[in-house]
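Everything on this sheet refers to the single structure shown next.
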Amino acid sequence: MIRDDLAAGVLGALEALGVDPLPESIQLERPANREHGDWSTNVALASAKRAGRNPRELAQELATYLASNELAHVDSVEIAGPGFINFRLKPTWLHDVLVEVVQGGADGYAAPDLGAGERVNVEFVSANPTGPVHAGHARGASHGDSLARLLERTGHQVTREFYINDRGVQMARFGESLAARKAGEEPPEEGYLGQYIVDWASEMPDGVDPVEWGKQRAIEDQKEVLGSFGVVFDRWFSEMSLVDSGAITTTLNELLSRGVAYEADGATWLRSTDFGDDKDRVLVKSDGEYTYLLPDIAYHRDKFSRSDRLINVWGADHHGYIVRMKAAMASLGEDADKLEVEITQLVDLLKDGEPVRLSKRAGTVIELRDVIDEVGADAARLTYLLQSIDSRQTIDLAEVASQGMDNPVFYVQMAHARIHGIARKAAETGIVRGPLADASLALLVHERELEVLRSLSEFPDVVAIAARDRAPHRITTWVRELAGTFHGFYHDCYVVADDVAPELADARLQLVEAARVGLSIGLDLLGVSAPEQL
RNA sequence: GCCCUCGUAGCUCAGUUGGAUAGAGCGACCGCCUCCUAAGCGGUAGGCCACAGGUUCAAUUCCUGUCGAGGGCACCA
C-alpha cells in the first residue's frame with residue numbers, strides 16, 4: 001500500500017534527522033486540492049514544537065532527505081504552506097491500485113477487517129404488528145440494512161433483528177378494530193381506521209382470535225414488503241415470548257434484588273436517576289400491567305446474552321428512551337457503551353409539492369409498498385441514503401420517480417449499465433479482456449483514466465470511515481463520485497474504436513473492470529441493484 | 001425549563017476522529033452528438049460555512065453562549 005510505503009519513508013526521514021517520531025502513527029492524507037500533490041503529510045507541523053524547530057525549516061529538511069532517497073512511485077517531494085510535505089506521484093501508483101481492485105474483486109477489495117469477528121446485533125424497523133410498514137419506517141430500514149451490510153463487509157458477525165411488540169393495549173385495539181370491520185361496524189374509539197383493516201377483516205376466517213390472526217397477517221405483510229425493499233431479517237423476536245419464557249419476571253426480580261428497582265405508590269420503578277435520567281421510570285403500573293420499558297429491558301438483556309455489541313436504529317421520537325435503556329443495562333451489569341442507539345431524524349414526504357401527514361391510526365399513511373410501486377425500490381433506497389440520518393430529510397416522491405438527471409440513482413446505475421454496454425460492444429468486435437498480468441497498464445495516463453483510479457483508491461478508507469461512523473450515506477456520496485469519474489472516462493476515452501490500439505483497449509478494459517468492481521460493491525452496500533442495462 | 005439533532009451556493013445536500021484557495025447535484029447562462037446509450041460531457045455565474053467568544057501553528061470541523069428550525073421530556077407504545 002502506498003500509504004504505508006510513504007509513512008515508512010517519512011518515519012525514516014524523522015529518525016535520520018534525529019526527531020523523535022510522534023506517539024501516533026504518521027498521518028498521510030489526500031489533499032483536497034490536486035495542486036498540492038497526491039499525498040501529503042503534516043508531520044513537520046505536528047512535531048515542530050516538540051522538536052523545538054521551525055515547522056517550515058523542519059519540513060524543508062525532511063523533504064530534502066526524502067527527495068534524495070528512492071521511494072516507490074514518488075516523482076517529487078515539495079513543501080508548501082505552513083509546513084506541509086507534499087508528494088507528487090507517478091501514474092504507476094494508480095496502476096497498482098487498478099491491480100489491487102481487479103485482483104481483490106467484489107469480495108476482496110475495500111473490505112478492511114475492523115471487527116475481528118465481533119458479534120453485532122442490529123435491531124431496526126421493529127414496527128408494531130398492527131399494520132403494514134409505512135414510509136416513515138423506510139429511512140430506518142434503509143439505514144439499518146446498509147449499516148448491517150457495512151459491518152458485514154468490515155469483519156463483523158451481524159444479526160439483523162426485528163422486535164415484535166405483540167403485547168399490550170395497541171394489540172387489543174388492533175384486534176377489536178379487525179373484529180368490528182368483520183362485523184360491518186366502525187372501529188371503536190382509539191381503534192385503527194386504515195383501509196387495510198377493512199381488507200384484512202374480509203380475509204379473516206370465522207372463529208379465529210382477531211389479535212393472533214391479525215398479528216400473523218401483519219407480520220407476513222411486513223416481511224413481504226421489506227423483502228421487496230431488499231431488507232431481510234435474521235430474526236423476528238416476539239415480545240410475547242419474553243412473557244412465556246419468564247424472562248420478564250426474571251429481569252424484574254433481578255432489578256429488585258440489585259436494588260435498582262423499588263416499589264412506591266403501588267407501582268414498581270426503575271431508579272434510572274442514578275444513571276443520569278431526569279426522573280425514575282415506571283416498570284410495572286399500579287394496575288399490575290407492564291409499561292413498554294420492562295419487556296424492553298428483558299429483550300435487550302437477551303440480545304446482550306448472544307452479542308458483543310447492540311445497535312438500535314430508532315426514530316427521533318424515541319431519543320428520550322436512550323438514557324433509561326442504558327441505565328437499565330448498566331444496572332444489570334452490562335457495559336452500556338456496548339449499546340449504541342442510532343437516531344434517524346424524521347422524513348418529510350412531499351407529494352406534488354404538498355406535505356403528506358402520516359398518521360397510522362387515522363389511516364392516512366403512505367405504505368412503503370406504495371412508495372416502491374411509485375418510484376421503485378432502488379430509487380427509494382438510494383434516496384433515503386443520500387443524507388446523514390442526523391439531518392431532517394425532505395423527499396419529494398415526484399422527484400424520486402423522475403427518470404431525469406436530477407435523480408442520482410439513474411446517474412449511478414447508468415454508469416454500471418455503460419460498463420456492460422462496453423462489454424457487449426467489445427464482445428461483438430471480438431475484443432476480450434486478457435490476463436491482468438499481461439496488460440499494458442502503463443498506457444493509462446489520460447487524466448480521465450487517472451480520475452477513475454484515484455476515486456477507486458479512496459474506497460477502502462471510505463468503507464472504513466462509513467463503518468466506523470455508522471454512516472452508510474458516505475458510501476452513497478462515494479458511489480456518485482465514482483459514477484461521475486466513470487462518465488467522464490466513458491465520454492473521452494473510447495475502449496472499442498478504430499483508432500484505439502489493441503494494447504490500449506485491453507488496458508482500458510482492465511480499468512472498466514476495476515470500475516465495475518467498485519460500483520458493484522458500493523451499490524451492494526446500499527442495497528441498490530446494479531442492472532446491466534437500463 | 002431540561003435533553004437530542006440540525007443551520008454550508010437560489011434549492012437539496014457532501015465535507016475523511018482540526019489542515020492549505022470550502023465541494024457535488026439540481027436550477028440559471030454558454031458550449032459539445034459521422035464513434036461503446038447526449039438518460040451523457042465541458043465551461044461560467046453563485047459563499048461573512050446562522051451569530052459571538054474560546055482552545056490551537058491551523059476551526060465549517062472541538063468547547064461555551066446567543067438566535068432560528070425539528071423532535072422529545074407519561075403509571076401510552
Side-chain angles (χ1 to χ4, degrees), chain A residues 27 29-33 35-36 40 42 45-46 48-49 54-56 80-84 86 128 130 165 167-171 190 265-269 276-279 281-293 295-296 315-323 343-346 348 386-396 399 403-408 410-411 413-415 417-426 428-429 448 458 461-462 464-466 468-469 471 473-474 476-478 480-481 484 487-500 512 533-534:
Chain A
Q27 266 190 51
E29 47 189 43
R30 317 288 299 270
N33 188 335
E35 285 171 23
H36 296 137
S40 148
N42 64 353
L45 288 161
K49 186 174 269 186
N54 171 307
R56 248 261 0 150
F84 291 101
N86 296 336
N128 285 346
T130 55
N165 288 105
R167 199 195 60 82
V169 67
Q170 293 301 327
M171 287 308 289
E190 303 284 302
D265 305 328
T268 308
W269 301 73
D277 203 353
D278 293 345
K279 48 182 289 192
R281 306 289 168 176
V282 172
L283 294 167
V284 184
K285 298 193 268 178
S286 51
D287 64 3
E289 179 60 45
Y290 304 138
T291 63
Y292 77 94
L293 184 58
D296 240 27
D317 53 340
H318 283 68
H319 100 263
Y321 312 144
I322 298 174
V323 170
I343 294 297
T344 66
Q345 295 300 316
L346 300 183
D348 294 314
L386 232 31
Q387 290 148 37
S388 154
I389 55 163
D390 291 338
S391 289
R392 191 144 190 233
Q393 189 176 31
T394 305
I395 292 181
D396 190 322
E399 278 177 23
Q403 313 223 337
M405 300 190 283
D406 51 345
N407 195 340
F410 284 95
Y411 186 80
Q413 289 187 325
M414 185 63 186
R418 284 183 150 176
I419 285 170
H420 287 271
I422 292 172
R424 283 190 295 272
K425 184 74 178 183
E428 283 170 22
T429 324
R448 296 295 210 176
E458 287 165 9
D461 282 353
V462 170
I465 290 162
R468 183 199 67 196
D469 293 346
H473 77 280
R474 296 228 164 178
T476 317
T477 303
W478 179 83
R480 295 174 73 183
E481 184 200 304
H487 284 306
F489 162 78
Y490 182 87
H491 188 265
D492 287 354
C493 301
Y494 279 76
V495 176
V496 184
D498 295 342
D499 58 348
V500 178
V512 169
Q533 215 160 350
L534 285 187

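Numbered from 1 within each chain, the chains take letters A, B, ... in sequence-line order.
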- line: From the candidates B/U37, B/C41, B/A20, the one with an atom nearest any side-chain atom of A/R448 is B/C41
- line: With the side chain defined as heavy atoms from C-beta on, A/N42 is closest, among B/A20, B/C75, B/G19, to B/G19
- prompt: Listed by chain and number, what are the ring-ring contact (aromatic ring centres under 6.0 Å, His included) partners of A/H319, not counting sequence neighbours?
  reply: none
- request: Using the P atoms only, state how far B/U66 lies from B/G72, rounded to an integer number of Å.
  value: 23 Å
field: Qualifying residues under side chain to side chain donor-acceptor pair (under 3.5 Å), relative to A/Q393, sequence neighbours excluded
entry: A/R139
- request: Identify, with sequence neighbours excluded, every residue that meets side chain to side chain donor-acceptor pair (under 3.5 Å) alongside A/R468.
  value: none
Distance between C1' atoms of B/G18 and B/G54 (Å, rounded): 15 Å
task: Represent RNA chain B in dot-bracket notation, 5' to 3'. Only Watson-Crick or G-U wobble pairs with both distances under 3.5 Å count; pseudoknot-style crossings use [ ] and interstrand partners use |.
output: (((((((..((((.....[...)))).(((((.......))))).....(((((..]....))))))))))))....
query: Between A/Y490 and A/H318, which has a closest nucleotide on RNA chain B that is more 5'?
result: A/Y490
- request: Would you indicate what A/R424 reaches in the nucleic acid, counting non-hydrogen atoms under 4.0 angstrom: base, sugar-phosphate, or nothing?
  value: nothing
- line: Contacts of A/A32 meeting side-chain contact (heavy atoms from CB on, under 4.5 Å) (sequence neighbours excluded), chain-then-number -> none
message: Both A/A497 and A/G81 contact RNA chain B. Which one's nearest nucleotide lies toward the 5' end?
response: A/G81
field: Nearest to side-chain heavy atoms of A/Q387, which nucleotide of B/A20, B/G71, B/A14
entry: B/A14
A/P55: side-chain contact (heavy atoms from CB on, under 4.5 Å) partners, not counting sequence neighbours: A/L45, A/A48
- line: Picking from B/C76, B/C35, B/A20, the nucleotide nearest the side-chain atoms of A/Y494 would be B/C35
Distances under 3.5 Å between nitrogen or oxygen atoms of protein and nucleotides 1-5 of chain B:
{"residue": "B/C3", "atom": "O2", "partner": "A/H319", "partner atom": "NE2", "Å": "3.1"}
{"residue": "B/C4", "atom": "O4'", "partner": "A/H319", "partner atom": "NE2", "Å": "3.4"}
{"residue": "B/U5", "atom": "O2'", "partner": "A/D390", "partner atom": "O", "Å": "2.2"}

Nucleotide of B/U21, B/G40, B/A14 approaching A/T477 most closely (side-chain heavy atoms): B/A14
field: Of the listed nucleotides B/A38, B/G15, B/C41, the one nearest the side chain of A/D492
entry: B/C41
query: Between B/C51 and B/A69, how far is it from one C1' atom to the other, in whole Å?
result: 16 Å
task: May I ask whether A/H36 stacks on the base of B/A20, given the cut-offs of 5.5 Å between ring centres and 30° between planes?
output: yes
- request: With sequence neighbours left out, write down each residue that passes side-chain contact (heavy atoms from CB on, under 4.5 Å) with A/N33, or none if nothing qualifies.
  value: A/E35, A/H36
query: When you compare B/A45 with B/C11, how far apart are their C1' atoms, in angstrom units rounded to a whole number?
result: 16 Å
- request: Using a cut-off of strictly less than 4.0 Å, decide whether A/H473 has a side-chain nitrogen or oxygen near OP1 or OP2 of B/G15.
  value: yes
message: If you only use heavy atoms from C-beta on, which nucleotide in B/A14, B/G15, B/C36 is closest to the side chain of A/V496?
response: B/C36
side-chain contact (heavy atoms from CB on, under 4.5 Å) involving A/D348 - partner list, sequence neighbours excluded: A/R392, A/T394
Sidechain-backbone polar pair: A/D469 side chain, A/A471 backbone, donor-acceptor under 3.5 Å: no
query: Which nucleotide, B/U16, B/C75, B/C41, lies nearest any side-chain atom of A/A267?
result: B/C75
task: State which of B/C76, B/G71, B/U21 makes the closest approach to the side chain of A/V169.
output: B/C76
- prompt: What's the spacing between A/L283 CG and A/Y290 OH if we round to 0.5 Å?
  reply: 10.5 Å
message: Once you apply a heavy-atom cut-off of 4.0 Å, does A/E35 come out as touching a base, just sugar-phosphate, or nothing?
response: base
field: ring-ring contact (aromatic ring centres under 6.0 Å, His included) involving A/H420 - partner list, sequence neighbours excluded
entry: A/H416
message: Under a 3.5 Å threshold, yes or no: a donor from one side chain and an acceptor from the other, between A/H487 and A/R418?
response: yes
- prompt: For atom P, what is the distance between B/C13 and B/C6, given to the nearest Å?
  reply: 14 Å
message: So, using ring-ring contact (aromatic ring centres under 6.0 Å, His included) as the criterion, who are the partners of A/F489 when residues are at least two apart?
response: A/F486
Could you list all N or O pairs between the protein and nucleotides 54-63 of chain B that sit under 3.5 Å apart?
{"residue": "B/C57", "atom": "OP1", "partner": "A/K49", "partner atom": "NZ", "Å": "2.1"}

- prompt: Of all the choices, B/C75, B/C76, B/U37, which nucleotide is nearest to the side chain of A/K279 once you look at every atom?
  reply: B/C75
